[in-house]
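Just so you know, these numbers use all the heavy atoms, side chains as well, and skip hydrogens, waters and symmetry mates.
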Amino acid sequence: MTESESAPPGIDVTRPSVARVYDFMVGGKDHFAVDRTAAEHAMAIMPDAPEAGRACRAFLRRAVRYLAAEAGVRQFLDIGSGLPTQTNVHQVAYEVDPAAHVVYVDNDPMVLVHGRALLADESNTKVIEADVRAPREILEHPVVRECLNFDEPVALLLLSILHHVHDSEDPGAIAATLRDALPSGSHLAIIHFWDPAGEHPRISAKVREVEQVFNETMGTGRWRRREEIQAYFGDFEMIEPGLVPLAEWRPGDEAPAEQTDTYYTMIGGVARKP
């Protein structure tokens with residue numbers, strides 16, 4: 001951290017934070033030197049990594065707009081929400097229905113500070129401190145139960161979060177616990193780091209390098225195969241076009257992110273619970 005940088009109390013600026021590294025990648029301002037260094041190590045292998053961040057935000061906007069406008073969902077549970085930036089989930093949902101309800105979930109102290117400040121005057125949108133690795137605690141949290149009605153469809157957003165859960169922490173069981181709590185008509189949206197393996201072997205080799213950098217700097221980051229990611233949707237019905245590179249999921253009128261190598265390192269999809 002430089003002399004000109006300051007952090008809220010309780011924020012550790014000696015170790016990179018996943019949320020702050022991502023904030024740097026998407027052009028935010030809530031990050032520190034240690035986060036920029038971690039991001040730059042990854043960018044040395046894949047220089048277009050910031051464009052992948054842009055692609056993630058664009059997918060979020062399109063997915064939430066679809067869920068609110070076409071699927072008619074009015075309740076959103078966003079786990080691993082990250083630092084507030086342009087066009088957050090509640091803002092996109094409000095464009096369709098200002099009465100939509102959103103609960104953001106994160107365990108990063110800086111996310112909580114900024115999120116609570118942003119939502120201080122909001123009655124339908126809340127942010128809580130919890131960890132995706134404790135899904136039952138999220139589901140039973142009083143704010144979640146107060147803001148969301150689990151007798152009606154809920155959109156569960158697991159955007160760029162499961163790839164930060166280690167294999168030993170059983171991300172499949174976490175996803176299953178969350179899916180099982182949702183009523184019929186609910187939806188699940190996922191973005192996940194993707195190892196394209198035999199589909200794109202050159203990119204797969206780079207993915208292995210970046211995964212090593214992420215784990216050495218942040219202690220987390222797992223690029224999984226397509227079949228592993230698909231399993232997180234369980235028996236939910238995939239919405240067309242299925243599980244695809246982010247830019248290919250229902251592209252709209254906005255200019256796509258200028259991805260090169262990272263195009264085949266992340267995939268996303270949305271599915272409906274029968």
Side-chain angles (χ1 to χ4, degrees), residues 1-2 5 12-60 80-83 85 106 108 110-111 132 158-169 171 190-230 232 243-249 251 255-269:
M1 186 171 71
T2 67
E5 292 180 319
D12 183 359
V13 297
T14 65
R15 298 183 61 186
S17 149
V18 170
R20 299 194 311 256
V21 169
Y22 179 73
D23 179 72
F24 171 75
M25 292 286 196
V26 298
K29 57 182 177 58
D30 299 311
H31 46 77
F32 302 101
V34 67
D35 307 303
R36 295 189 287 275
T37 298
E40 287 161 0
H41 285 161
M43 289 164 60
I45 303 168
M46 290 191 174
D48 66 322
E51 292 299 313
R54 283 189 55 215
C56 287
R57 295 308 296 187
F59 177 95
L60 178 152
S81 53
L83 283 156
T85 184
D106 211 292
D108 186 296
M110 195 156 175
V111 170
V132 69
L158 297 176
L159 306 181
S160 302
I161 181 64
L162 289 176
H163 53 230
H164 292 299
V165 178
H166 295 292
D167 291 346
S168 61
E169 295 166 327
I190 292 176
I191 292 175
H192 200 292
F193 288 160
W194 175 39
D195 178 356
E199 294 181 54
H200 300 279
R202 183 182 67 85
I203 300 302
S204 180
K206 285 197 169 191
V207 156
R208 298 270 70 83
E209 291 185 65
V210 175
E211 183 174 86
Q212 182 176 350
V213 168
F214 265 60
N215 282 277
E216 288 175 352
T217 57
M218 292 184 287
T220 178
R222 182 78 164 80
W223 276 254
R224 295 187 170 99
R225 303 289 179 89
R226 178 185 292 276
E227 57 272 18
E228 294 178 275
I229 302 167
Q230 183 69 59
Y232 297 143
L243 190 60
V244 294
L246 303 185
E248 297 177 18
W249 198 88
E258 298 178 0
Q259 292 176 273
T260 52
D261 286 349
T262 64
Y263 191 93
Y264 294 110
T265 65
M266 302 186 81
I267 49 177

Quiz item: Hey, are Arg222 and Asp195 close enough for a salt bridge, meaning a charged N less than 4.0 Å from a carboxylate O?
Solution: no

Practice problem: Identify the heavy atoms of Phe59 and Leu159 that sit nearest to each other, and give their distance. | Solution: CE2-CD2, 4.0 Å

Exercise. Please determine, by modelled atom types, if Thr262 and Gln259 share a side-chain donor-acceptor pair under 3.5 angstrom.
Key: yes

Practice problem: From the options Ile161, Val165, Val132, select the one residue that forms a side-chain contact (heavy atoms from CB on, under 4.5 Å) with Pro171. | Solution: Val165

Quiz item: Parallel, tilted or perpendicular: which fits the ring planes of Phe193 and Trp223, with parallel below 30° and perpendicular above 60°?
Solution: parallel

Quiz item: Between Trp194 and His200, what is the ring plane arrangement, given parallel below 30°, perpendicular above 60°, and tilted in between?
Solution: perpendicular

Quiz prompt | Closest approach of Asn215 to Gly221 (non-hydrogen atoms, all atoms of both residues) | solution = ND2-O, 2.8 Å

Quiz prompt | side-chain contact (heavy atoms from CB on, under 4.5 Å) partner of Asp261, the single match among Val207, Ile45, Asp48, Val210 | solution = Asp48

Practice problem: Mind checking the OG-CG spacing from Ser160 to Leu246? Nearest 0.5 Å is all I need. | Solution: 7.5 Å

Quiz item: Should we say atom CD of Glu258 is surrounded by more than 12 heavy atoms from elsewhere, each under 6.0 Å from it?
Solution: no

Exercise. Please report the closest heavy-atom contact between Thr220 and His166, naming both atoms and the distance.
Key: CA-CE1, 4.0 Å

Quiz item: Taking 4.0 angstrom as the limit, do Glu211 and Arg208 come out as a salt bridge?
Solution: yes

Quiz item: Can we say Glu209 and Lys206 salt-bridge, meaning some charged N sits less than 4.0 Å from an Asp/Glu carboxylate O?
Solution: no

Quiz prompt | Donor-acceptor pair between Tyr263 and Glu248 side chains, under 3.5 angstrom | solution = yes

Quiz item: Once you round to the nearest 0.5 Å, how far does CD1 of Ile191 lie from NE2 of His163?
Solution: 8.5 Å

Practice problem: Considering non-hydrogen atoms only, spot the tightest contact between Tyr232 and Ile190 and give its length. | Solution: CB-CD1, 3.6 Å

Practice problem: Enter the distance from Ile267:CD1 to Arg225:CZ here, rounded to the nearest 0.5 Å. | Solution: 12.0 Å

Quiz item: Taking the side chain as C-beta and beyond, is there a heavy-atom pair between Arg57 and Arg54 under 4.5 Å?
Solution: no

Quiz prompt | pair Arg20-Phe32: side-chain heavy atoms closer than 4.5 Å | solution = yes

Quiz prompt | Minimal non-hydrogen separation, Leu243 against Arg226, with atom names | solution = O-NH1, 2.7 Å

Self-check item: Rounded distance [0.5 Å steps], NE2 in His164 versus CD in Glu169
Solution: 12.0 Å

Exercise. Compare every heavy atom of Ala52 with every heavy atom of Met266, then report the nearest pair and how far apart it is.
Key: SD-CB, 4.1 Å

